[in-house]
Engineer: 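Can you read through this structure? Questions will come right after.
As a basis for the values below, the full set of heavy atoms in this structure was taken, side chains included, without hydrogen atoms, waters or symmetry mates. Residue numbers start from 1 in every chain, and the chains themselves are labelled A, B, ... in the order their sequence lines are given, proteins ahead of strands.
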Amino acid sequence: MSWSREEIAQRAAQELKDGFYVNLGIGIPTLVANYIPENVQVTLESENGMLGMGPFPYPDQVDPDLINAGKQTITELPQSSYFSSADSFAMIRGGHINLAILGAMQVAQNGDLANWMIPGKMIKGMGGAMDLVAGVNKVVVIMDHVAKDGTPKLLKACDLPLTGSGVTDLLITNLAVFDFQNELPLLTELAPGVDLEEIKEKTEAEFTVCPKLKRHLHVQ
Amino acid sequence: MSWSREEIAQRAAQELKDGFYVNLGIGIPTLVANYIPENVQVTLESENGMLGMGPFPYPDQVDPDLINAGKQTITELPQSSYFSSADSFAMIRGGHINLAILGAMQVAQNGDLANWMIPGKMIKGMGGAMDLVAGVNKVVVIMDHVAKDGTPKLLKACDLPLTGSGVTDLLITNLAVFDFQNELPLLTELAPGVDLEEIKEKTEAEFTVCPKLKRHLHVQ
Amino acid sequence: MKKLKKNAANALEGVLFDGMTIMAGGFGLCGIPENLIVALRDSGVKDITVISNNCGIDDFGLGILLQTRQIKKMLSSYVGENKTFEKQYMSGELELEFNPQGTLAERCRAGGAGIAAFYTKTGVGTIIAEGKEHKEFNGETYVMETGLVADLSLVKAWKADDEGNLVYRKTARNFNPVMATAGKVTIAEVEEHVSLGDFDPDHIHTPGIYVSSFIVGTDYKKPVEILTTREYVA
Amino acid sequence: MKKLKKNAANALEGVLFDGMTIMAGGFGLCGIPENLIVALRDSGVKDITVISNNCGIDDFGLGILLQTRQIKKMLSSYVGENKTFEKQYMSGELELEFNPQGTLAERCRAGGAGIAAFYTKTGVGTIIAEGKEHKEFNGETYVMETGLVADLSLVKAWKADDEGNLVYRKTARNFNPVMATAGKVTIAEVEEHVSLGDFDPDHIHTPGIYVSSFIVGTDYKKPVEILTTREYVA
């Protein structure tokens, strides 16, 4: 067993604190918005130039001038504001965003993150990811624990081109949670039905195990 | 005889071309706004954050939130826009202002300009002057030809702290006009009743004399 | 000094040359100068370097300039939406310089603001920073990035007045205001031309000083790349 | 997470400490945080470094903090309006670092935007550039200036909504928006508190993310430094 996409999103949502300004990447990170804890108010930033991102529009509300960084149609809220790309990344680079949640292809034990390029194969570009990981206070990375072919994605060192060096603060996979505050990743939580042996088997990186390791049945 | 303050302003106004964006310094440069040639439309910029500066307000229009860089009360025009100090100097530093007209204490033959400090005597500060002389396309300097004690102000080298190095493009004094496009200042115009001898006597700087030297009776 | 031009072809007259560098505003297909891009294609200008966050999609936006092979080089942060792009790049027909999105925006701002270069943490330790100058500030490493200036900037705004003052709408603002400052010549296209005095001077996003000329665009398509909606719940 | 505080003293509670660095918005006496400056004086905080374009006049604005000798050092571009300033500086009581106005504004912007340093032509060849790093770009010499961050930024806006979004009025905008971005804590004072949704999101000058808290100021004096008017012509 392991965490579903929804459960990963739900686990990531626990990182949100009241009053936070948050940037959510494309994919599973977008789902995090559905699991914001009660009594916690967060403001979502979209790096194409908006603070206070609202939900998807009703069909008759769609506005081509109002999209998020994933190019999806969205809505505004009473507290929303718009600004230029330069002002948006001034905000990001300047450390004003409290939390970013984004996907990854590889994470290394020193916190290196790769999520933008597979040489010779995929050339989409880094978009705003390099700015986000360099500038945002806390970077939460979400990914499957292993690649489709079963090879580990939490590595001793990334072999793909980096998005940022030593930038990962917290890693949430479908199997476990790792904290990157110390020299080596610290395994702090296991998904239901996952044991330490499975993690060791599916992880290339060295890591330490938290004495208070939590074994979850379900993400709350 | 020599040019009056008004005549100097009038002569400086001849440098204004249609469509120019212009910054006018404090003192005589401010008077230039009264002599903008017909058929020439210029937009006045105020470095505290305004384009399209209007005339002084009528007494019942005075607004403390609307001042120019000289802290004088002013008015807005239908084409006016406001912006921050950072955006204002981005505009100035980025070379978007066509012309600046400002006063000086000393000008050197290489175009050096000093207008902000007399060590041990006057510590007001440079305000926006250093940014203006470094960033504006054409810098027109206005000053009395000699100091109150009769000593020359157009010098071989400034002894006061500089505002900018080699930044003067045109110098208009109460006696003459010098062009700074070449190695040495080129004397191009003389005020009514002023002859070359007088200029030589009252100028420390080396300069060349334009073959087409103009002797004015009046500024038009 | 009339800034309003009749149409896009008219506005581009006399400013184009082969090998030039052009900035184009927009994020994805949002807030792109649709009319000016078409006129650019029709002009036949070639070997251009385009600075733009994206390169449109295969058959819309800047993508149409790839189809005609008018683009020699792109500076972008993301081109994932365009297959023609990928093909021409892989075959070596097209040069590409990836810039992190925030670095790209800041480079444009710097170019327009007379800032020759700046130090950012973005990209340090990645291939983006390779060969660039590094410097330590307060114990952290920064990489130097230079300002960008274009021969021509093409921007899309919502409204313009006679002075060329521009106002943008929602997230269609994006790169347009910074690119407007970084063109030796800047041409804007807008949906609406308003009278002088219609704008509140406190609400103007791009002062007219940055706008050489502008046109009122026609037939705006504004395609939506990813339509996402929610259901009305009864 | 309520950002609106009861009054200036309330807003400053817990954020002040001796020796701290404070940015204060305003140009001359235009757009200065009148209420917060008075509360700063009344707090008795001392040895502060103040970053502000000017230092008020002798008995108004930041000038009142010179009278009480709470300011150890000033970073400014122009202090000509203040005689107390001149006296304290000449006697060595007060440190002073002059910054060209545009460099000062850009340093604040850089600090808020995560730019450690930038290269400008402003000041090259003057005493301002002495001892600073120089670099050539395209055959021209630039000087490196560093970003500025403050422990606290005090800004004055016209209106704020509950989120702390700010809107400024006319030339009272000046340094306030950039300084709002460069404070570890930023406190705003406004003339009017409006409801969420009253602002058009396209018209907001400072997004609430930059505003830690705000107050509605009282008894605004807004003195005019140089009253210049013209006559009605019949």
Engineer: What about the rings of B:His96 and C:Tyr210, do their centers lie closer together than 6.0 Å?
Structural biologist: yes
Engineer: Examine whether an atom of C:Asp202 lies under 4.5 Å from a heavy atom of chain B, and if so say whether it belongs to the side chain, the backbone or both; otherwise answer neither.
Structural biologist: both
Engineer: Only one of B:Val141, B:Leu99, B:Val139, B:Val140 passes side-chain contact (heavy atoms from CB on, under 4.5 Å) with B:Leu170; say which it is.
Structural biologist: B:Val140
Engineer: When you compare the side chains of B:Glu45 and B:Ser88, does any donor N or O come within less than 3.5 Å of an acceptor on the partner?
Structural biologist: yes
Engineer: Would C:Lys156 count as a cation-pi partner of C:Tyr220, with NZ or CZ less than 6.0 Å from the six-membered ring centre and within 45° of the ring normal?
Structural biologist: yes
Engineer: B:Leu77, B:Thr43, B:Leu51: which one forms the most heavy-atom pairs within less than 4.5 Å of chain C?
Structural biologist: B:Leu51
Engineer: Pick one of side chain, backbone, both or neither for B:Gln79, based on which atoms fall under 4.5 Å of a heavy atom in chain C.
Structural biologist: both
Engineer: Only pairs of heavy atoms separated by less than 4.5 Å count here; which of C:Ile209, C:Ile204, C:Leu196 has the most with chain B?
Structural biologist: C:Ile209
